[in-house]
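Structure record follows, encoded as structure tokens.
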Number of protein chains: 2
Amino acid sequence: MNAIDITRIRRFHRTVTREAGVLDQSFLGRGRPLGAARVLNAIGRGMSDVAVIRDYLGLDSGLMSRLLRGLETEGLLATTPNPGDARRRIAALTPAGQAEFEAYEDLSNERAQQLLDHHPDTDALLAAMDLIASALGQQAIAFEEVDPRDPRAIWCLEQYFGELARRFETGFDVHLSKDPEAATMIAPRGAFFIALSDGLPVGCCGLKGHGHWGEVKRLWVAPSTRGMKLATRFMDRIETAACALGHDTLRLDTNSQLPEAVALYHRLGWTEIDRFNDDPYPDVFFEKRL
Amino acid sequence: MNAIDITRIRRFHRTVTREAGVLDQSFLGRGRPLGAARVLNAIGRGMSDVAVIRDYLGLDSGLMSRLLRGLETEGLLATTPNPGDARRRIAALTPAGQAEFEAYEDLSNERAQQLLDHHPDTDALLAAMDLIASALGQQAIAFEEVDPRDPRAIWCLEQYFGELARRFETGFDVHLSKDPEAATMIAPRGAFFIALSDGLPVGCCGLKGHGHWGEVKRLWVAPSTRGMKLATRFMDRIETAACALGHDTLRLDTNSQLPEAVALYHRLGWTEIDRFNDDPYPDVFFEKRL
DNA sequence: TCATTTAGCTGACAAAAGTCAGATAGCACA
DNA sequence: TGTGCTATCTGACTTTTGTCAGCTAAATGA
């Protein structure tokens, strides 16, 4: 046990706890106790089942009930029985509740923006936050099939291209590469997946159709989530999607300057094949029969 | 305002808030309300003036008084009037209080250790935490003159040598460099300073005496605190210390592979001079008359 | 069908946290 | 020396949070 490392974590913990306290204080400014504000926020963030909210916030069922009743008489939410199980209730925000929720959101966002504004190197700060949130949060990573023109998909692709530019000795220019039209990575010809950790995109992968075979494109995993076998899970998804689209073979190209990618494909049972396109960047080519 | 960057900060904030809540829960396990535990911890961590603690924890004076009284009847602390101003009181832990404080410390340390144990890349995690704590915490950085054999000084030096090894194309071996004996950086011949941010060492700088001139050695600033003019403040300290030791000139050596260091010395009014030692690593030499 | 379990609600408390108006004693400065 | 200010303490609150037993209505399963 390294004493200074423990000091470092403890210092981090203290500053961050203080920061959380400041935000709580600002929440209090809206004239509602913190408990009620938290329930409102949980619902606003998409939780609707009362039991789920209660569990998430760690509240006693009696207390929860009273908080809900309070917000209800404020006109901020309405509860209805769950159609599948009438003992359970689902809570939904009224328009007034939605407005109030957004006011809380604005407070949080403002605070976040302040942090960004006051830091000289926001990229490093954000990367550090991602790393810590991934390390601390044991939350499951969810996959979602999206249109590659979805803003979250575009953000992933920007990160991906930025990383290629940094890692390739010769740099990387998207336009010189055979940039697949976004449309080729949409059903029924292809597919595009992103991975979300608590709402934040942390990876992407595309599948482009070429008749009976499919091509894997744009596999990227955020630095903060590497080592969590996300790439493997993406490849599983892609194989499943390719089968569903009727492909019998998958191909992909990559570069020997990305040794972890090359190692991954070998590990997952891909075989190296000859060059199958004239894209200037790749120098290693793989194939896998499904 | 970048929506995804805000998402990243908010996600970080949520996970970290949950983490803080977990620790609070474990504090509750010692059968004392959180408020009292916080007061005990503040005193244990070195705060003694009641007003200072109250201000730090943001407590009402009445509430603070009652919490102190509670801990006093538990036999954990004793308060005495401040000798300089008898209206103020200072609180100090009794042996029982110290033991109880340490029990809380153990809980925190255990939690920190768990985090370290469960992460594949602890260096990156800790660096990220330092960065965030420095960005968030506006706390003043305190300087302390210490013996260079103090464990905190040694830790700084390890970081410093590690960084040189990474940055010098040829690597860096302390033993090949003219390693000043620690004893030459202690009064009355020299001095050694460290900078502390909330207890964590974030920089160091040494002064070695050579008769009428002094030599600046081992200036290092933690990556997490760069851009905060810490190096400039170190050099101020060193100049003051050198004057006090009766030196009329300061010299130092550095390397052109550390351009930010070279730029710093130019900016602070140093002049480049000829080589004044036969250390294999430096290739740039500076002098400043006091 | 009927006992059992489950989700949520209610009433009755209790503990914790926060607020506020004096009271007291010491300090500071004219 | 007196007046005003300060730090702390005390008593008398309120609000917020947490707990618990008992209730109802719905689901579950023999």
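Quick note on labels: first sequence line is chain A, next is B, and so on, each numbered from 1. These figures come from a predicted structure and were not determined experimentally.
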A:L28 CG - C:dG18 P separation (whole Å): 9 Å
Ring pair (Phe, Tyr, Trp, His ring centres under 6.0 Å) pairs touching residues 47-99 of chain B, sequence neighbours excluded, are none
Could you list, one pair per line, each protein nitrogen or oxygen that sits under 3.5 Å from a nitrogen or oxygen of nucleotides 26-29 of chain D, together with the distance?
{"residue": "D:dA27", "atom": "OP1", "partner": "A:A86", "partner atom": "N", "Å": "2.9"}

Taking the side chain of A:L63 as heavy atoms from C-beta outward, which of D:dT10, C:dG8, D:dT17 is closest to it? D:dT17
Walking DNA chain D from its 5' end, the first of A:L59 and B:V52 to be reached, judged by nearest nucleotide, is B:V52
Scan residues 29-44 of chain A for pairs that pass salt bridge (Lys or Arg N to Asp or Glu O under 4.0 Å), counting only residues two or more places apart or in two chains. A:R30-A:E100, A:R32-A:E74, A:R32-A:E100
Here the distance between atom C1' of C:dA17 and atom CD of A:Q25, to the nearest Å, is 12 Å
Please confirm whether B:Y104 and B:F27 have ring centers closer than 6.0 angstrom. yes
Below 3.5 Å between N/O atoms, which protein atoms pair up with nucleotides 12-15 of chain C? Just atom names and distances, please.
{"residue": "C:dA12", "atom": "N6", "partner": "A:R66", "partner atom": "NH2", "Å": "3.2"}

Tell me: CG of B:D55 to P of D:dT8, nearest whole Å? 11 Å
CG (A:D24) and CG (A:L34) are apart, to the nearest 0.5 Å, by 4.5 Å
Send over the distance from A:L67 CG to C:dT10 P, rounded to a whole Å. 13 Å
Interatomic distance where CE belongs to B:M64 and C1' belongs to D:dA7 [whole Å]: 12 Å
Between the CZ atom in A:F101 and the CG atom in A:L93, the distance rounded to the nearest 0.5 Å is 7.5 Å
In whole angstrom, give the distance that lies between atom CG of B:D60 and atom P of D:dA12. 17 Å
Kindly determine whether A:I132 and A:D130 satisfy side chain to side chain contact (heavy atoms under 4.5 Å, CB included), including the steps that lead there. CA-CA 5 Å; A:I132 289 171; A:D130 289 351; over 6 Å; no
Enumerate the residue pairs fulfilling salt bridge (Lys or Arg N to Asp or Glu O under 4.0 Å) with a member in residues 53-69 of chain A, sequence neighbours excluded, ordered by first and then second residue. A:R69-A:E72
Between C:dC9 (C1') and A:R89 (CZ): distance, integer Å: 10 Å
Main chain of B:S197, side chain of A:R11: is a donor-acceptor contact present, judged purely on distance under 3.5 Å? yes
For B:S108 and A:R10, run side chain to side chain contact (heavy atoms under 4.5 Å, CB included): C-alpha distance rounded to whole Å, both residues' side-chain angles, the deciding distance at 0.1 Å, then the answer. CA-CA 7 Å; B:S108 295; A:R10 301 274 317 269; 3.4 Å; yes
When all nucleic acid strands are considered with a 4.0 Å heavy-atom cut-off, which category describes A:R32: base, sugar-phosphate, or nothing? nothing
Looking at C:dC9, I'd like to know if its phosphate oxygens (OP1 or OP2) sit under 4.0 Å from a side-chain N or O belonging to A:R69. yes
DNA chain D-proximal residues of residues 33-48 of chain A, any heavy atom under 4.0 Å: A:P33, A:L34, A:G35
Rounding to 0.5 Å, atoms CD (B:E110) and OG (B:S26) come to a distance of 8.0 Å
Is the backbone of A:I4 close enough, under 3.5 Å, to the side chain of B:R152 for a donor and an acceptor to pair up by distance? no
For A:D24 and D:dT16, what is the distance between atoms CG and C1' respectively, to the nearest whole Å? 14 Å
For A:S61, is there any backbone N or O sitting under 3.5 Å from a side-chain donor or acceptor partner on A:S65? no
